[in-house]
Asks: 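Okay, here's the structure, questions in a sec.
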Number of protein chains: 2
Amino acid sequence: MSDGRRPGSDDRKRRSPAPPGTHAAVAVAVDVVPFALREGRLHAALIGVRATEESRLFAFPGGRVQPEESLDVAARRCLERHVPSEGRFLEQLYAFGEPGRDPGSRVVSVAYLALLPRADDADGVHWYPCDDLPPLAYDHGAVADKALERLQGKLAYTNIAFGLLEDGFTLADLQRVYEAVLGRGLDRRNFRKKVLALELVQPLGRVRHGPHRPAELFGFTERALVTVETLLTKKG
Amino acid sequence: MSDGRRPGSDDRKRRSPAPPGTHAAVAVAVDVVPFALREGRLHAALIGVRATEESRLFAFPGGRVQPEESLDVAARRCLERHVPSEGRFLEQLYAFGEPGRDPGSRVVSVAYLALLPRADDADGVHWYPCDDLPPLAYDHGAVADKALERLQGKLAYTNIAFGLLEDGFTLADLQRVYEAVLGRGLDRRNFRKKVLALELVQPLGRVRHGPHRPAELFGFTERALVTVETLLTKKG
DNA sequence: CTCTGGTCGTGTACAAACTACACAACCAGG
DNA sequence: CCTGGTTGTGTAGTTTGTACACGACCAGAG
């Protein structure tokens with residue numbers, strides 16, 4: 001693994017612009033995994049990339065990082081180009097850089113996790129349930145796994161799930177979000193106790209009417225994304 | 001944020017090799033934050049990058065990613081070039097890509113977190129206590145913050161701290177690791193109960209002699225890195 | 001108007017986990 | 001033989017998590 005230079009020499013010189021003629025062969029891209037709820041199930045937004053003879057192939061929205069933009073900006077740009085939304089949550093997920101992940105060229109892709117309050121349809125966008133994704137191009141299968149893993153993990157100790165809701169939700173709505181992401185049921189009474197005790201939501205003073213007892217509507221409190229001690233336990 | 005192409009068009013074309021003459025202006029590097037314990041305090045390994053008139057400047061070991069190597073391999077190569085060790089733990093941390101982070105050229109750097117069982121001295125390597133780091137080049141101040149944050153966070157629900165120890169440690173040694181990383185004391189008896197209950201360590205049948213009662217020596221169990229329910233609580 | 005289905009909202013008993021804390025065992029060295 | 005400093009163990013009290021039942025309330029059917 002040595003490059004032949006003397007030990008202790010400063011590796012920083014490699015950061016200088018490459019000499020003329022030897023341009024860097026590694027490109028940088030971003031990919032965004034957009035999650036949203038549809039009919040109580042967690043869905044991800046995909047773009048069709050090409051149709052082989054017998055099967056279509058999908059990938060997450062993404063693109064090259066421009067020389068003057070940051071990774072975060074590039075991710076938001078790529079997200080908004082395909083998926084129109086007012087997503088509040090966009091967080092870096094992981095950098096994928098295996099040499100063979102993109103056939104033909106060497107691309108290091110920084111993946112992002114995006115949470116949207118609604119799964120709006122748009123031109124070229126396909127929403128698929130997370131537990132039934134179509135064949136994915138590149139290494140986007142691994143990207144999807146990582147995204148879901150991160151979302152589930154952060155669910156337990158942050159209020160990240162609120163990125164999948166808009167103000168004016170009922171506690172039952174919120175619970176459905178948790179159940180959809182975790183893939184298991186929660187006890188309604190214990191879940192309610194826990195959420196209210198942490199004071200992450202505040203009643204709006206309005207109610208939602210339906211064929212049943214009216215449900216109180218809630219909104220988020222001031223803090224946008226907090227790391228709480230334990231927002232969730234085994235049974236909610 | 002539109003690039004003028006029709007909506008829904010496939011952004012994937014950007015992944016193809018750049019046309020001749022228009023080479024990608026964004027380079028990819030890795031930086032490794034190596035942590036180890038020295039005299040009961042958490043230290044990080046730094047490399048001197050340049051000496052200005054009145055002050056030296058340091059940075060974490062790093063370098064450009066080679067066209068044929070993966071990010072993980074590049075990180076291990078850069079770590080081992082500077083810091084000789086048999087580090088068991090090396091994990092991707094975060095990708096830093098602000099346009100201005102590296103003066104002169106656009107470099108996206110994928111940072112890695114490394115844990116070493118010992119803080120060995122080597123040519124060109126400087127070990128500094130984490131709570132008293134010297135001035136850092138680039139955005140390595142933010143990198144250091146992120147690394148420490150990750151380490152502290154994972155301490156609570158994984159056995160990541162074991163990367164800072166070698167087999168043949170006492171439970172007091174292990175506790176000192178936790179206290180050094182967290183920066184606070186833990187209750188000896190509760191800590192011992194917790195660690196033993198999780199069966200992450202196994203007695204080696206040997207003891208360490210000293211001027212006091214002999215201490216039993218432990219090693220790690222088979223599983224290398226596990227995510228435990230709650231390895232740590234407030235008082236250990 | 002009454003009935004009914006289905007949801008909303010609350011409280012209580014039990015079990016498990018966390019926290020605080022004290023004492024004897026043991027060795028090296030004086 | 002005594003002493004200092006560490007290792008090793010257990011118990012009581014508090015907090016947190018878990019399981020579970022019942023009345024309140026509305027819309028719609030009859």
Side-chain angles (χ1 to χ4, degrees), chain A residues 37 39-40 155-159 165 167-180 182 184-219 227-236, chain B residues 37 39-40 155-159 165 167-180 182 184-219 227-236:
Chain A
L37 248 62
E39 295 158 14
L155 210 62
Y157 62 96
T158 71
N159 59 355
L165 279 179
D167 268 25
F169 54 87
T170 68
L171 291 188
D173 292 336
L174 184 58
Q175 182 174 347
R176 268 186 287 272
V177 173
Y178 276 83
E179 292 178 336
L182 293 176
R184 61 185 173 90
L186 300 173
D187 184 274
R188 190 169 56 88
R189 292 157 289 191
N190 294 335
F191 178 81
R192 171 181 296 264
K193 255 186 295 186
K194 197 86 192 204
V195 170
L196 292 177
L198 288 169
E199 295 184 345
L200 295 174
V201 298
Q202 53 186 344
L204 299 181
R206 299 185 287 123
V207 293
R208 176 186 298 171
H209 288 277
H212 317 294
R213 175 172 179 173
E216 195 169 14
L217 292 179
F218 289 85
T227 298
V228 199
E229 293 207 8
T230 323
L231 193 137
L232 207 61
T233 53
K234 281 178 190 166
K235 298 293 177 177
Chain B
L37 248 63
E39 292 158 18
L155 211 62
Y157 62 97
T158 71
N159 59 354
L165 279 180
D167 268 25
F169 54 87
T170 69
L171 291 187
D173 291 335
L174 185 58
Q175 182 175 345
R176 268 187 286 273
V177 173
Y178 276 84
E179 291 177 338
L182 294 176
R184 61 186 172 89
L186 300 173
D187 184 274
R188 191 169 55 86
R189 292 159 288 193
N190 295 334
F191 179 81
R192 172 180 295 263
K193 252 184 301 186
K194 197 86 191 204
V195 171
L196 291 178
L198 288 169
E199 296 184 342
L200 296 173
V201 298
Q202 53 187 345
L204 298 180
R206 299 182 289 124
V207 293
R208 178 185 297 171
H209 288 277
H212 317 296
R213 174 172 180 175
E216 195 169 13
L217 293 178
F218 290 85
T227 297
V228 200
E229 293 208 8
T230 323
L231 194 136
L232 210 60
T233 53
K234 281 178 188 166
K235 300 292 177 175

Asks: Show the atom names and distances, to 0.1 Å, of all donor-acceptor pairs under 3.5 Å that link a side chain in residues 205-213 of chain A to residues at least two apart or in another chain.
Replies:
unit_1   : atom_1 : unit_2   : atom_2 : d
A:Arg208 : NH1    : A:Asp173 : OD2    : 3.1
A:Arg208 : NH2    : A:Gly168 : O      : 3.3
A:Arg208 : NH2    : A:Asp173 : OD2    : 3.2

Asks: What parts of residues 172-180 of chain A reach DNA chain D, counting only heavy atoms under 4.0 Å away?
Replies: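 Close to the strand, none.
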Asks: Starting at atom CG of A:Asp187, determine the distance to atom C1' of C:dT12, rounded to an integer number of angstrom.
Replies: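 Atom CG in A:Asp187 sits about 13 Å away from atom C1' in C:dT12.
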Asks: What salt bridge (Lys or Arg N to Asp or Glu O under 4.0 Å) pairs are there with at least one residue in residues 184-199 of chain B, not counting sequence neighbours?
Replies: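 Residue pairs passing salt bridge (Lys or Arg N to Asp or Glu O under 4.0 Å), neighbours aside: B:Asp187-B:Arg189.
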Asks: Side-chain contact, heavy-atom cut-off 4.5 Å: A:Phe218 with A:Leu174?
Replies: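 Of all side-chain heavy-atom pairs linking A:Leu174 with A:Phe218, none is under 4.5 Å.
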Asks: Do A:Asn159 and A:Val201 have side chains that get closer than 4.5 Å, going by heavy atoms?
Replies: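 A:Asn159 vs A:Val201: side chains apart.
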Asks: Going 5' to 3' along DNA chain D, which are the first and last nucleotides with any atom under 4.0 Å from a heavy atom of chain B?
Replies: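 Terminal contacting nucleotides, 5' to 3': D:dG4 to D:dT11.
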Asks: Check this for me: does the side-chain of A:Arg189 come within 3.5 Å of the base of C:dG9 through a donor and an acceptor?
Replies: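 Flag unset: no donor-acceptor pair detected.
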Asks: Taking C-beta and beyond as the side chain, do B:Asn190 and B:Thr233 meet within less than 4.5 Å on heavy atoms?
Replies: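 Not in contact.
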Asks: How far does CD of B:Gln202 sit from CG of B:Leu196, to the nearest 0.5 angstrom?
Replies: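 Output value for this atom pair is 12.0 Å.
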Asks: CG of B:Leu186 versus P of C:dC18: gap in Å, rounded?
Replies: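 Spelled out: CG on B:Leu186 to P on C:dC18 is 14 Å.
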Asks: Please name the pair of heavy atoms, one in A:Gly40 and one in A:Ala180, separated by the smallest distance, quoted to 0.1 Å.
Replies: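 Smallest heavy-atom distance, with atoms named: O-CB, 3.3 Å.
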Asks: A:Leu171 CG to C:dG9 P: how many Å, rounded?
Replies: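 Result: 7 Å.
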Asks: In Å, rounded to the nearest 0.5 Å, how long is the span from CG of B:Leu37 to CD of B:Glu179?
Replies: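 B:Leu37 atom CG to B:Glu179 atom CD measures 11.0 Å (nearest 0.5 Å).
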Asks: Between A:Asn190 and A:Ala215, who's closer to the 5' end of DNA chain C by nearest nucleotide?
Replies: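 Checking each residue's closest nucleotide, the 5'-ward one belongs to A:Ala215.
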Asks: For B:Gly236 and B:Leu186, work out which heavy atoms get closest and say how close.
Replies: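 Shortest heavy-atom separation between B:Gly236 and B:Leu186 comes out as N-CD2, 3.9 Å.
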Asks: Atom pairs under 3.5 Å, N or O on each side, protein against nucleotides 27-30 of chain C: can you list them with distances?
Replies:
unit_1 : atom_1 : unit_2   : atom_2 : d
C:dC27 : O4'    : B:His212 : O      : 3.2
C:dC27 : O2     : B:Pro211 : O      : 2.9

Asks: Side chain to side chain contact (heavy atoms under 4.5 Å, CB included) between B:Val195 and B:Tyr178: does it pass, once the steps are laid out?
Replies: CA-CA 12 Å; B:Val195 171; B:Tyr178 276 84; 5.7 Å; no
Asks: Give the C-alpha distance, both sets of side-chain angles, the deciding distance and a yes or no for side chain to side chain contact (heavy atoms under 4.5 Å, CB included) between B:Leu155 and B:Val177.
Replies: CA-CA 10 Å; B:Leu155 211 62; B:Val177 173; 5.7 Å; no
Asks: Measure the spacing between OG1 of B:Thr230 and OH of B:Tyr157 and express it to the nearest 0.5 Å.
Replies: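 If I round to the nearest 0.5 Å, the distance is 11.5 Å.
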Asks: Output the residues of residues 191-203 of chain B in contact with DNA chain D, where contact means a heavy atom of the residue under 4.0 Å from an atom of the strand; sort by number or write none.
Replies: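 Per residue number, the list reads B:Arg192, B:Lys193.
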